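Take a look at the structure set out below.
Because the structure is a prediction, the values reported are computed rather than measured. Every chain is numbered from 1 and lettered A, B, ... according to where its sequence line falls, protein lines coming before strand lines.
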Amino acid sequence: MINQEDFFKKIIAHAKEYGFVFQSSEIYDGLSAVYDYGQNGVELKNNIRNYWWKSMVQMHENIVGLDSAIFMHPTTWKASGHVDAFNDPLIDNKDSKKRYRADVLVEDHLAKIEGKINKEIEKAEKRFGDSFNREQFISTHPRVLGYNEQIADISKRLYGAMDNNDLSAIKQLIEDLEIVCPISGSRSWTEVRQFNLMFSTQIGATADGASHIFLRPETAQGIFVNYLNVQKSGRMKIPFGIAQTGKAFRNEIIARQFIFRMREFEQMEMQFFVRPGEEFKWYDYWKKERMNWHLSLGIPAQKYRFHDHEKLAHYANAAADIEFEFPFGFRELEGIHSRTDYDLAAHQQFSGKKLQYFDPEINESYVPYVVETSIGLDRMFLAMLSHAYHEEKLEDGSERVVLKLPAILAPYKVAILPLVKKDGLPEKAREILDTLKPDYMCHYEEKDAIGRRYRRHDAIGTPYCVTVDHQSLEDNTVTLRDRDSMMQERINIHELPGILHNRLRS
RNA sequence: GCGGGCAUGGCGCAGUGGUCAGCGCAUCAGUUUCCCAAACUGAGGGUCGUGGGUUCAAAUCCCAUUGCCCGCUCCA
């Protein structure tokens, strides 16, 4: 049995060897955590995206699509909270190897001093009993006064440094306060560093102060800022959803595990707008709905699990992940979040534009609540690839590598193979190719022995191989070979489109 | 970001200071066979991740750097 680590390496090697995933700029030694999709990878990725789009947009009459730009007005990210939340001064303790937010360390220190003050107050309360005057005690007791002075002094330094982005001043403050690591108890700190998780670039000829813009760190905000456009122009009635797929960018501190965490990645998101108070109903609904989507691909249920968030992000009042069992364990694949009216309310405030909905049923206007489903396309790709990868030992003792991808996701649906490349078989095979090509990604191949061609298509997950042999010329039949069972059946060429149509639906 | 490991043709690997750097698979051309990685003949493909250094001599030793994997960490 191979261990998980080796298994993962095999998948990465397979992905490269068969044109699924290449490292970006490989000839220049690559770019960390950026990958390109090759000739087969792009098909698989497109198929996943289409399958999602179809199930979300085509199959729901109250969900419509959107394709918003990657560049957005910088205020978008102030309103969303990304500018603040994605700009943390971080510091590492060299002994415990733990990383902390530098400002939080100082704030914890402040809390400790406040704790001391409270102790003094408690002590005094006990001593003086009913005659205790809290205000007077605080304003006169020398030790409490000293503590309060400390707090004021530290706060001034901290927030002054934060406002000026003065990282070395924060480091100095931590040193002066002799703050120790809660884990190692040591004062061996690295420098304070700023991690900005948003990529930025410049855009010319914009309004003052807007020339510095970000690459979006999530696609959701493009939906929120277009909420009113879509609702009005589409005459959408709540509850309704807006779906979008697209690239997002995060300058991850560490981005690793192949395409699991990339700096440039693609999201498939749907924001569902609901009446306030009904968000939990819809949250539960979409949790179930999204899990069913995953299961509809025929992946065993035990590969998936929910993970309910205990600690919620600043915008959420409920959140769960759908986790998938990747080769390196269960990890987040999709998030379902109840985002409340946080985003729309923030955009309303920052833009000064009303983002409300008049609900005729209750005769009331309100800022809708939002339930979000957000899945990483690249993660879904990796999930499918790693689940599909099998090494099989055959009855004759030989081995094969086969990608048991759901047929609907496979890069090629059908390979059309003349048994030999003479006697008119290639011509016959190309006739079949021409009839199937408009409907399916097909692959024609005449080189090498038939068994080898079957194996090549096993390795990229082609669910069916059509083989043209000498009998085909006599009675117009071909063999249809199934990827997973390797079984063959002889069918009439005229039946081929119908049979493929039925079998390739899932 | 810290610690550990790794980097040699497309893939998997051998080669730990000294002949022109090899092997298997794969690729290409041809012959032959034809239903599950057949055989034969021939061919192409690597300045050993990159840059320095030590040495008469470096894939091999040292330093730096880039990338990947693992652990910690982080994760909207």
Side-chain angles (χ1 to χ4, degrees), chain A residues 3-6 8-10 12-19 22-35 80-82 85-86 88 90-101 183 188 190-191 193 195 197 217-221 248 250-258 260-261 267 269 309 311-316 319 321 327-328 331-332 335 337 339 342-343 372 374 376 392 394-402 417-423 425 447-459 465 467-471 478-479 481-483 486-488 490:
Chain A
N3 64 37
Q4 287 194 331
E5 194 177 314
D6 289 339
F8 190 38
K9 282 185 177 162
K10 282 191 173 183
I12 295 169
H14 191 84
K16 184 186 177 188
E17 184 166 4
Y18 288 93
F22 306 123
Q23 187 169 22
S24 164
S25 320
E26 196 186 358
I27 62 167
Y28 293 109
D29 286 335
L31 195 58
S32 178
V34 185
Y35 291 90
S80 70
H82 284 84
F86 266 8
D88 299 331
L90 299 177
I91 190 165
D92 293 303
N93 184 272
K94 289 176 186 166
D95 297 311
S96 66
K97 314 286 184 207
K98 297 285 174 188
R99 169 169 296 156
Y100 301 92
R101 270 180 59 178
I183 304 234
S188 177
T190 62
E191 290 305 307
R193 285 158 302 197
F195 289 90
L197 265 54
E218 66 173 24
T219 52
Q221 299 305 324
R250 285 183 204 169
N251 202 356
E252 300 282 355
I253 300 165
I254 357 166
R256 267 200 318 218
Q257 281 165 324
F258 194 42
F260 184 80
R261 179 166 296 133
Q267 293 183 309
E269 289 199 330
H309 289 207
K311 198 180 125 215
L312 295 170
H314 57 79
Y315 55 73
D321 295 336
F328 38 85
R331 293 295 144 81
E332 179 185 352
H337 299 153
R339 294 181 78 129
Y342 180 89
D343 299 278
E372 162 191 85
S374 174
E392 286 185 348
L394 303 178
E395 286 173 8
D396 63 2
S398 65
E399 284 183 25
R400 72 162 181 163
V401 172
V402 53
L417 315 168
L419 189 61
V420 294
K421 55 181 167 187
K422 59 181 182 184
D423 305 333
L425 297 189
K447 184 162 164 45
D448 292 320
I450 190 70
R452 177 179 294 219
R453 282 177 276 168
Y454 287 153
R455 298 300 168 84
R456 271 205 287 264
H457 277 283
D458 287 341
C465 292
T467 304
V468 176
D469 56 19
H470 291 92
Q471 191 182 333
V478 290
T479 62
R481 176 210 186 244
D482 181 83
R483 176 194 67 200
M486 297 172 68
M487 301 298 282
Q488 283 176 278
R490 183 159 282 276

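Looking at which nucleotide of RNA chain B each of A:Gly451 and A:Tyr28 is closest to, the 5′-most match is held by A:Gly451. Each of A:Lys447 and A:Glu26 has a nearest nucleotide on RNA chain B; the 5'-most of these lies closest to A:Glu26.
Going from the P atom of B:rG3 to that of B:rA76 covers 26 Å, rounded to whole Å. When the C1' atom is used for both B:rC6 and B:rG53, the distance is 23 Å, rounded to whole Å. Rounded to the nearest Å, the gap between the P atom of B:rC11 and that of B:rC34 is 35 Å. Across B:rU55 and B:rC75, the matching P atoms stand 50 Å from one another, rounded to whole Å. Here the separation of B:rC23 from B:rC62, taken at their C1' atoms, is 30 Å to the nearest Å. Rounded to a whole angstrom, the distance from the C1' atom of B:rU60 to that of B:rG18 is 11 Å. Comparing the P positions of B:rU19 and B:rA38 gives an interatomic distance of 38 Å, to the nearest angstrom. Separating the C1' atom of B:rC36 from that of B:rU41 is a span of 25 Å, rounded to the nearest Å.
Atom C1' of nucleotide B:rC36 and atom CG of A:Asp482 are separated by 13 Å, given to the nearest angstrom. Rounded to whole Å, atom C1' of B:rC75 lies 13 Å from atom CD of A:Gln267. We find that CG of A:Leu417 is positioned 11 Å from C1' of B:rC36, with the value rounded to whole Å. One atom, CZ of A:Arg261, and another, C1' of B:rG67, lie 18 Å apart when rounded to the nearest Å. Nucleotide B:rC75 holds its P atom 12 Å from the CD atom of A:Glu332, rounded to whole Å. Between A:Arg453 atom CZ and B:rA26 atom C1' the separation is 17 Å, expressed in whole Å. Note: CG (A:Asp448) to P (B:rA38) measures 8 Å, nearest angstrom. Rounded to a whole Å, the CD atom of A:Glu392 is 14 Å from the C1' atom of B:rA37.
Atom CG of A:Leu417 sits about 4.5 Å away from atom CD1 of A:Ile450, to the nearest 0.5 Å. For the atom pair A:Thr467 OG1 and A:Arg453 CZ, the distance stands at 7.5 Å (nearest 0.5 Å). A:Arg452 contributes atom CZ, which lies 7.5 Å from atom NZ of A:Lys447 (distance to the nearest 0.5 angstrom).
Contact check, A:Lys9 against B:rC68: no side-chain N or O comes under 4.0 Å of OP1 or OP2. OP1 or OP2 of B:rC68 lies within a sub-4.0 Å distance of a side-chain N or O belonging to A:Gln23. At B:rC11, one or more side-chain N or O atoms of A:Lys16 fall inside 4.0 Å of OP1 or OP2 (strictly under the cut-off). For A:Ser374, no side-chain nitrogen or oxygen approaches OP1 or OP2 of B:rA76 to under 4.0 Å. Contact annotation: A:Arg456 side-chain N/O to B:rU27 OP1/OP2 distance is under 4.0 Å. Between A:Arg452 and the phosphate of B:rA26, there is a side-chain N or O to OP1/OP2 separation shorter than 4.0 Å.
For B:rG24, the paired nucleotide is B:rC11, the pair qualifying as Watson-Crick or G-U wobble because both relevant distances are below 3.5 Å. Across all strands shown, B:rU19 forms no Watson-Crick or G-U wobble pair with both distances under 3.5 Å. The partner of B:rC48, taking Watson-Crick or G-U wobble pairs whose two distances both stay under 3.5 Å, does not exist in any strand shown. In this structure, B:rU41 forms a base pair with B:rA29, meeting either the Watson-Crick or the G-U wobble geometry with both donor-acceptor distances under 3.5 Å. Base pairing analysis places B:rC72 opposite B:rG1; the two distances defining the Watson-Crick or G-U wobble pair are each below 3.5 Å.
With hydrogens and angles ignored, no donor-acceptor pair under 3.5 angstrom links the side chain of A:His337 to the base of B:rA76. For A:Arg250 and B:rC75, a side-chain-to-base donor-acceptor distance below 3.5 Å is absent, hydrogens and geometry of angles not being considered.
Taking the side chain as every heavy atom from C-beta outward, A:Arg481 and A:Asp458 approach each other to under 4.5 Å. Counting heavy atoms from C-beta outward, A:Arg400 and A:Tyr454 have side chains that stay 4.5 Å or more apart. A:Arg331 is not listed as a side-chain neighbour of A:Arg261, based on a closest heavy-atom distance of 4.5 Å or more.
Minimum atom distance to the side chain of A:Ile12 is reached by B:rC69, of the listed B:rC69, B:rC34, B:rU27. Between B:rA76, B:rC36, B:rC70, one nucleotide has an atom nearer to the side chain of A:Met486 than all others, and that is B:rC36. When each of B:rC11, B:rA76, B:rC35 is scored by its nearest atom to the side-chain atoms of A:Tyr315, the top-ranked nucleotide is B:rA76. The A:His82 side chain lies nearest to B:rA76 when the options are B:rC34, B:rC36, B:rA76. Among the nucleotides B:rC35, B:rA37, B:rC69, the one closest to the side chain of A:Asp469 is B:rC35. Of the candidate nucleotides B:rC35, B:rU33, B:rC11, B:rU33 has the atom nearest to the side chain of A:Lys422. Set against B:rA37, B:rU33, B:rU27, the side chain of A:Tyr18 has B:rA37 as its closest nucleotide.
A salt bridge does not link A:Glu269 to A:Arg339: none of the charged side-chain nitrogens sits closer than 4.0 Å to a carboxylate oxygen. Contact check on A:Asp469 versus A:Arg490 returns a salt bridge, with a Lys/Arg side-chain nitrogen under 4.0 Å from an Asp/Glu carboxylate oxygen.
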Could you pull out the protein-nucleic contacts involving nucleotides 40-42 of chain B (nitrogen or oxygen on both sides, under 3.5 Å)?
none

- [ ] Start with the C-alpha gap between A:Thr479 and A:Gln488, add the side-chain angles, then the distance that decides, and say whether side chain to side chain donor-acceptor pair (under 3.5 Å) holds.
- [x] CA-CA 6 Å; A:Thr479 62; A:Gln488 283 176 278; 3.2 Å; yes

